[in-house]
Novice: 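First, the structure itself, so that you have it in front of you.
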Amino acid sequence: MYEFEYHRAKSVDEATSQLSGADDGRFLAGGQTLLAAMKLRLAAPSDIVDLGGIAELRGIRVDGGNLVVGAMTTHNEVAASKDVAKAIPALAHLASDIGDRMVRNMGTIGGSVANNDPAADYPAALLGLGATVVTRDRRIPADDFFTGMYETALQPGELITAISFPIPKRAGYAKFPNPASRYALVGVFVSESGSGVRVAVTGAGPSVFRVPDMEAALKSSFSPESLAKVTVPADDLNTDMHASAAYRAHLVGVMAKRAVTQALGK
Amino acid sequence: MPVKLSLQVNGKAASAQIEPRMLLLDLLREELRLTGAHQGCDTAQCGACTVHLNGKAVKSCNVLALQAQGGEVVTIEGITPADGSLHPMQAAFRDHHGLQCGFCTPGMVMSALDLLNRNPHPTRDQIREELDGNLCRCTGYHNIVSAIEAGAKAMG
Ligand SMILES: Cc1cc2nc3c(=O)[nH]c(=O)nc-3n(C[C@H](O)[C@H](O)[C@H](O)COP(=O)(O)OP(=O)(O)OC[C@H]3O[C@@H](n4cnc5c(N)ncnc54)[C@H](O)[C@@H]3O)c2cc1C
Ligand code: FES
Ligand code: FES
């Protein structure tokens, strides 16, 4: 790891100004992705702004019809939260299945969303629930946020403060984990709410995406059987040592049915 | 530029002047000479470097020492009684042959204690599930699961 200047911010405003004063600065959340990238010298920031001391970025609250999760809330905090279990149990389930316990004790929702790994779990929840990414300066709908592989709509130096999830009628998440890393080979998040049905897929393509055909089928009847005839083309999906595009396309169907079954509480 | 770090390690105040890029594992092993936490993979896979930070298990190879600023760290050295005898969980690993080379053991024990903090009487399946982040190249895990089960009983 190359040398860097270290800053520990006490507030969102301080973090933002520390970063804007740096040549090539990066925020540090849990460090579970960034530190590995720095060890490999894939990232070599001049400055690190540690968000660990900013109390206003932590915590979970229900605000009207929304569940609001602070950016520095860890995966284990989401998994163990009574508010999450009550409002969106599928989200608690998703968080409890990320990596391993030690990773979940450090890794945060803000870091995961900002990183937008093509196989990460949270992006599926954000897109599958129609969540909003709240930054210091604006609110970005999930539909506009995940713009490509490891790419997001964040501007340089823009700090995520929270994720706001509309509470659905029901939701489910099923993932087929890579047995070594636990990242999603394919993960599918489904939800039904007043504004319709959403189906979001992670792990299969370069970035998380929705499946309109599945959404239409589930809108007419929210059951695993309605997905029987819907297929997902393999054309733009990932092929790697773990799975071919055709296998991933098949898994999308299987995971979607499991997610619906889970949403129905069966 | 070196920065001052102050924290509690195994119940005692510790401080050091360190480079910001120093990992928590290197602080423990190189600066504080606590060599119980092991460096296995250095890529957050194996769990041999597991310690508790503010009461929770973390992989110390994947945490900056400065992320522990003002915090409390407990390592395998911190769980043994002052008289040099073994902690009940360590004793259970010995009694149940839960180690061969022993390289993974400090991490296994620290993960086991983290689990018992939340779930004092886990089932064998829960123990296996919770060991997701700890790899062992020797034992095949069976005796580790038995050791943790017995350690949990011994601890009440
Ligand atoms: C062994 C292992 C297994 C894993 N398995 C999984 C898995 O199964 N599923 C999964 O989804 N993930 C997995 N992960 C990744 C894990 O969830 C990470 O914690 C997460 O991707 C990054 O979160 P972090 O808080 O550690 O962020 P960091 O590593 O600190 O930061 C990541 C990036 O986000 C930026 N950033 C952080 N916070 C903010 C913010 N508030 N605003 C703007 N930018 C910000 C940083 O500058 C950096 O570029 C795994 C990681 C490891 C090491
Ligand atoms: S050395 Fe830290 S997880 Fe392997
Ligand atoms: S006892 Fe040798 S690695 Fe576990």
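None of these values were measured; they are calculated from a predicted model.
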Novice: For chain B, which of I48(A), L34(A), V103(A), L28(A) has the most heavy-atom pairs under 4.5 Å?
Specialist: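 Heavy-atom pairs under 4.5 Å are most numerous for L28(A).
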Novice: Give, as side chain, backbone, both or neither, the part of E19(B) having an atom under 4.5 angstrom from any heavy atom of chain A.
Specialist: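 Only the side chain of E19(B) comes within 4.5 Å of chain A.
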Novice: When you check the gap from the basic side-chain N to the acidic O, do D121(A) and K175(A) get nearer than 4.0 Å?
Specialist: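 A salt bridge is present here (some side-chain N lies under 4.0 Å from a carboxylate O).
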Novice: Using a 4.5 angstrom heavy-atom cutoff, name the option from E5(A), M38(A), R182(A) with the most pairs to chain B.
Specialist: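 Among E5(A), M38(A), R182(A), the one with the most close pairs to chain B is R182(A).
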Novice: Go through it in stages, so that I can follow the logic: the residues are Q32(A) and N62(B), the test is side chain to side chain contact (heavy atoms under 4.5 Å, CB included), and I'd like the CA-CA distance, side-chain angles, deciding distance and then a yes or no.
Specialist: CA-CA 6 Å; Q32(A) 297 304 288; N62(B) 206 28; 3.0 Å; yes
Novice: Please flag which part of D42(B) lies under 4.5 Å from any non-hydrogen atom of chain A: side chain, backbone, both or neither.
Specialist: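 Both parts, heavy atoms under 4.5 Å.
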Novice: When you check the side-chain N and O atoms of N76(A) and T74(A), is any donor under 3.5 Å from an acceptor?
Specialist: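 Note: N76(A) and T74(A) side chains miss the donor-acceptor criterion.
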Novice: Is it true that a side-chain atom of E77(B) and a backbone atom of T35(B) form a donor plus acceptor pair closer than 3.5 Å?
Specialist: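 A pair under 3.5 Å: yes.
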Novice: Would T139(B) and Q100(B) count as having a side-chain donor-acceptor pair, cut-off 3.5 Å?
Specialist: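 No, Q100(B) and T139(B) have no side-chain donor paired with an acceptor closer than 3.5 Å.
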Novice: Checking L40(A) against chain B: side chain, backbone, both or neither under 4.5 Å from a heavy atom?
Specialist: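 Neither; nothing under 4.5 Å.
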Novice: Quick one about E151(A) and N116(A) (side-chain donor to acceptor, distance below 3.5 Å, no hydrogens or angles considered), yes or no?
Specialist: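 No pair is found: no donor N or O on one side chain lies under 3.5 Å from an acceptor on the other.
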Novice: Check whether R104(A) gets within reach of chain B through its side chain, its backbone, both or neither, counting any heavy atom under 4.5 Å.
Specialist: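 Answer is neither: R104(A) stays 4.5 Å or more from chain B.
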Novice: I'd like to know which of L66(B), L23(B), T43(B), N134(B) tops the heavy-atom pair count under 4.5 Å against chain A.
Specialist: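 The option with the most such pairs is L66(B).
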Novice: Sort M106(A) into side chain, backbone, both or neither according to what part of it lies under 4.5 angstrom from a heavy atom of chain B.
Specialist: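 Just the side chain, heavy atoms under 4.5 Å.
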